[in-house]
Each structure stands twice: as structure tokens, then as C-alpha cells.
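Let me begin by presenting the structure, written as C-alpha cells, before commenting on it.
Whatever order the structure lists them in is the order used to number ligands and atoms, beginning at 1.
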Amino acid sequence: MILMKFGGTSVKDKNAIERVISIVRGRMADKPLVVVSALAKVTRVLCGIAEEAEAQHLKEVDELLDSLRDRHTSLAVELLSGNPEILNTCVSEVNAVLDSLTDFAHGVCQIGELSPRSYARIVSTGEVLSSKIVAAAMNVYGLSCRWLDARKMIVTDCSYMSAVPDLAATEANVKRFVPEAAKGVSVVLTQGFIASSVEGSPSVLGFEGSDYSAAIFGMALDADRIEIWTDVDGIQSADPRKISDTHRIDRVSYDEASEMAYLGARVLHPLTIEPARRRNIPVHVLNSMSPDAPGSVVTHECVAVGPKTVAVKDDIDYLEITSPKIVGVTAMFAGVFNAAETNAVKVVLAAASESNVGVTLESGQPGFEAFVQQLRKRFEVMVYKDKAEISVVGNAVVTAPGLVDKMTAAASGANVYMMSQSPSMLSVSIVVDRSAAVDIAGRIHKVIF
Ligand code: ASP
Ligand code: MG
């Protein structure tokens with residue numbers, strides 16, 4: 001069997017969903033489990049609802065809820081009018097989900113408090129809605145399909161907005177529920193992103209987490225392959241929305257794909273590769289707008305050496321930490337990383353010399369201020385905000401002749417705050433001002449490809 005995951009843009013409207021159905025129809029022999037995201041931009045609207053409710057803006061909450069109701073019911077009508085019975089059932093299910101969301105959002109609005117659990121309860125609705133409609137559409141278009149609730153299968157901890165799945169419990173559930181649901185139908189369809197905590201409330205696997213869900217389902221079912229359907233032609237040499245003349249990469253290894261995702265290449269959710277790697281399942285990245293295009297494949301093999309992609313991670317703060325006394329690298333690292341761990345601050349890159357450590361962090365982490373304060377008890381700390389990391393990623397890329405020169409030349413005239421090479425030899429990164437990052441990345445892309 002195979003896993004087919006369709007992202008928000010692949011299910012954004014009637015045409016897109018019709019394309020999905022025809023793609024799935026072409027894969028029937030492979031017994032697909034289909035995973036869908038929320039319709040494009042719906043998760044963002046749901047975040048808006050949660051935040052407006054917390055701010056007790058009832059009018060805005062209701063406007064956003066109305067817009068969601070309109071969008072989903074009109075889409076259902078457009079797709080399902082060929083079968084009034086399926087249409088009616090689907091519209092009443094969609095309305096029931098939205099009624100219950102409305103009650104919940106009004107409750108949040110009344111108390112003006114939004115816990116991560118309430119936030120997850122709200123944002124998890126998008127996938128429930130989209131999946132009800134896509135499943136109904138499959139049935140109307142002649143593919144017998146059963147809707148299956150991912151919240152019954154993926155069990156997580158209680159960090160609701162970026163919940164960590166219990167893979168063993170999840171695998172057991174998936175192995176039980178999917179074959180049962182597959183009886184008598186040709187397709188089973190479920191949701192990405194959403195799960196349930198061990199307490200039994202809805203949780204989500206972090207934004208863009210549907211890829212990760214797909215990989216977890218694929219692992220649990222020992223799928224022959226995992227297909228991630230998006231709106232670009234596979235993994236590109238840089239983000240085509242920001243940089244011109246990018247090209248598709250045929251194959252990358254699990255290691256390369258993880259490094260790319262970690263360093264900001266927006267192809268796959270960073271956690272996607274791990275479940276696939278465990279069972280050695282190839283991950284194909286495909287374009288639902290041109291389904292016959294070859295896309296990219298991620299496997300354990302590592303074919304070519306050298307640069308594959310230029311990734312930009314543009315939500316970075318850079319910290320330069322120095323010690324007034326010479327304390328040595330060990331003590332410096334220990335001090336910095338203890339403080340990071342205590343305050344649950346995630347470090348992206350780190351470099352050190354005897355009395356000096358440079359680290360980059362994702363901006364906006366809740367523990368950031370406490371982290372800096374703790375560091376300042378022992379060290380001098382310079383904080384540089386609004387930075388970006390540009391990384392060239394590829395197998396053994398650090399050995400590519402002249403790469404570092406090319407990167408620094410492309411950044412000449414700009415401030416470079418830090419440079420780092422990964423010990424895995426998979427990436428070379430520079431940290432620059434966020435405002436200059438896209439231009440510099442474009443120049444690097446041009447000279448290396
Ligand atoms: N709908 C969720 C989001 O927009 C999950 C996903 O699309 O992967 O983040
Ligand atoms: Mg998405």
C-alpha cells in the first residue's frame with residue numbers, strides 16, 4: 001500500500017479536489033491511504049479565530065466563523081450536487097463541526113483566555129472540515145471512500161500545539177483502524193496535522209505538520225512509498241517563490257532532506273524524514289498541478305556529492321556570548337547549553353572558540369528573555385535580532401571546492417555574523433541581516449548552479 005498526502009493548496013477548491021480525485025484514481029492498484037490538510041489558508045483563519053477570541057473580539061470571531069462556513073458549504077455544494085443525499089449529509093456534518101467550533105470559540109471569547117489546549121482544539125478543525133468534503137467528493141465521483149478520524153489513531157503528549165506522538169501507541173492504533181476502515185471500500189481518507197493527547201483532547205503536530213502525519217501513517221503501515229503532493233515540482237534548488245531560475249532535484253538522501261528542512265528549505269516538515277527512514281520508505285515529493293512530472297524522491301541512498309539546494313531560514317536571532325575570563329570551550333558550551341535547556345530555547349547553529357560562543361535561535365521563543373538573563377549572570381551577551389541563515393546543503397558539501405569563498409563573495413558588502421559548517425559535512429551556513437538574505441541567497445544560487 002502507499003500513502004498519499006495532499007497539502008492545502010492541492011485541495012483548495014473544486015478544480016484542485018477534482019485533480020486529487022483523478023490522481024488517486026490512477027493509484028487504486030496501490031491501495032492508497034489518503035491524508036489531507038485543511039483547505040489552503042484555513043488554518044490561518046482558525047488561528048485568527050483563536051486570537052480574536054482570546055482578545056474577546058466577538059464580532060471579528062463571528063465574521064471569521066461565517067467566512068469559514070461559507071467557504072466550506074459552497075465548496076460542498078459545488079462538488080457534491082450530483083448526489084443530493086451525500087451533499088445533505090456532508091453539509092450537515094460540516095455545519096455540526098462549525099456549530100461546535102462556534103460554541104467553543106464563544107466560550108474562549110467570554111473568558112478571554114486561550115490555553116494551548118484550547119488553541120489546538122480550534123486549529124484542528126480545518127482538517128476535519130476539508131477531509132469530510134474530500135471524502136464525500138470521492139464517493140460522488142465514483143471512488144468508494146471511507147472517512148477515518150486521525151484523532152483516534154495518533155496519540156501525543158500534552159504539548160498541544162506541537163505535540164509529540166507516541167509512535168508505538170500510534171502504530172498499534174493505525175494497524176488496527178486502517179485495515180478495518182478499508183473493508184469494502186477502495187480508499188480510506190484521513191487527516192494530517194491533527195491527533196489526540198493522552199488526556200483525550202485534540203492536539204496538533206505543529207504547523208505544516210501534515211507531512212509528518214503522512215510519514216507516521218506510512219511507517220505504521222509499512223507503506224511501499226509516501227507521496228507528498230504539493231504545488232511545486234518536487235524539491236527545488238531554492239525556494240522558487242523567492243529565488244529565480246531554480247531547478248528540480250531528482251533525488252536526495254534522508255540525511256540531505258532532514259538537513260534541508262532543518263535549515264529552512266520549505267519542502268517537507270522537518271520531522272517527516274524520521275519515520276520514513278526507520279522503515280526505509282521512499283518519500284516522493286510531487287506536484288498536484290502537474291501529476292505526471294517526475295518530482296523528487298528521498299531515499300537512503302546518497303547519489304551525488306556537492307551542493308543541492310540553497311536554504312534560507314529567516315526567523316533567526318544571533319547571540320554572541322563572550323566570557324570576561326578565559327574559561328575554555330567546555331565551560332562556555334556548558335554554560336550556554338545549560339541555560340538553553342533550562343529555558344527550553346532551541347538553538348539552531350552553534351560555533352565556539354576559547355572564550356566566545358555564537359549561537360543562532362529561532363526568533364520568538366517564549367524562554368528567550370529568561371535565557372539571555374541567565375547567560376548575563378556569567379557572560380557578556382550581544383543580541384542581534386532580525387537575522388537570517390543562508391545554508392548550502394548537500395552530501396559532503398563542505399568539501400566542495402571554493403564554496404565558502406563563493407558564499408562570502410556573494411555576501412560581500414553585507415554583514416556576516418557567523419559562519420558554520422555542519423559536522424555531518426551536509427551544510428555550510430552564514431548568518432546575515434534578514435533584509436539582505438534573499439538577495440544574497442539569490443547570488444549564491446546563481447554562482448553555485
Ligand atoms: N493545515 C496545517 C497548517 O496549515 C497543517 C498542514 O498544512 O500541514 O499548518
Ligand atoms: Mg500545508
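Only the side chain of S37 comes within 4.0 Å of ligand 1, judged by heavy-atom distances. For F207, heavy-atom contacts with ligand 1 shorter than 4.0 Å involve the backbone as well as the side chain.
Considering backbone and side-chain atoms alike, K5 places every N or O at 3.5 Å or more from each N or O of ligand 1. At a 3.5 angstrom cut-off on N or O pairs, E208 counts as close to ligand 1.
Close approach of ligand 1 to S210 (heavy-atom distance below 4.0 Å) involves ligand atoms 5 (C), 6 (C), 7 (O), 8 (O). Every atom of ligand 1 is numbered from 1 in the order shown, and the set under 4.0 Å from a heavy atom of F193 is 2 (C), 5 (C). Interface atoms of ligand 1 facing T43, defined by a heavy-atom separation under 4.0 Å, are 1 (N), 2 (C), 3 (C), 4 (O).
Ligand 1 lies within reach of E127, whose nearest heavy atom is under 4.0 Å from it. For G209, the heavy-atom gap to ligand 1 drops under 4.0 angstrom.
No side-chain donor from either of S427 and S391 sits under 3.5 Å from a side-chain acceptor of the other. Between the side chains of S159 and D157, at least one donor N or O sits under 3.5 Å from an acceptor N or O. Side-chain atoms of E274 and Y254 form no donor-acceptor pair, as typed in the model, at a separation below 3.5 Å.
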Check your understanding: Could you go step by step and tell me if Q191 and S131 meet the side chain to side chain donor-acceptor pair (under 3.5 Å) rule?
Key -> CA-CA 6 Å; Q191 307 78 35; S131 62; 3.1 Å; yes

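With sequence neighbours left out, T309 forms a side-chain hydrogen bond (donor to acceptor under 3.5 Å, both in side chains) with no residue at all.
By the 4.0 Å N-to-carboxylate-O rule, K387 lies close enough to D433 to be salt-bridged with it.
Residue D255 forms a side-chain contact (heavy atoms from CB on, under 4.5 Å) with just one option from H300, R277, M260, and that option is R277.
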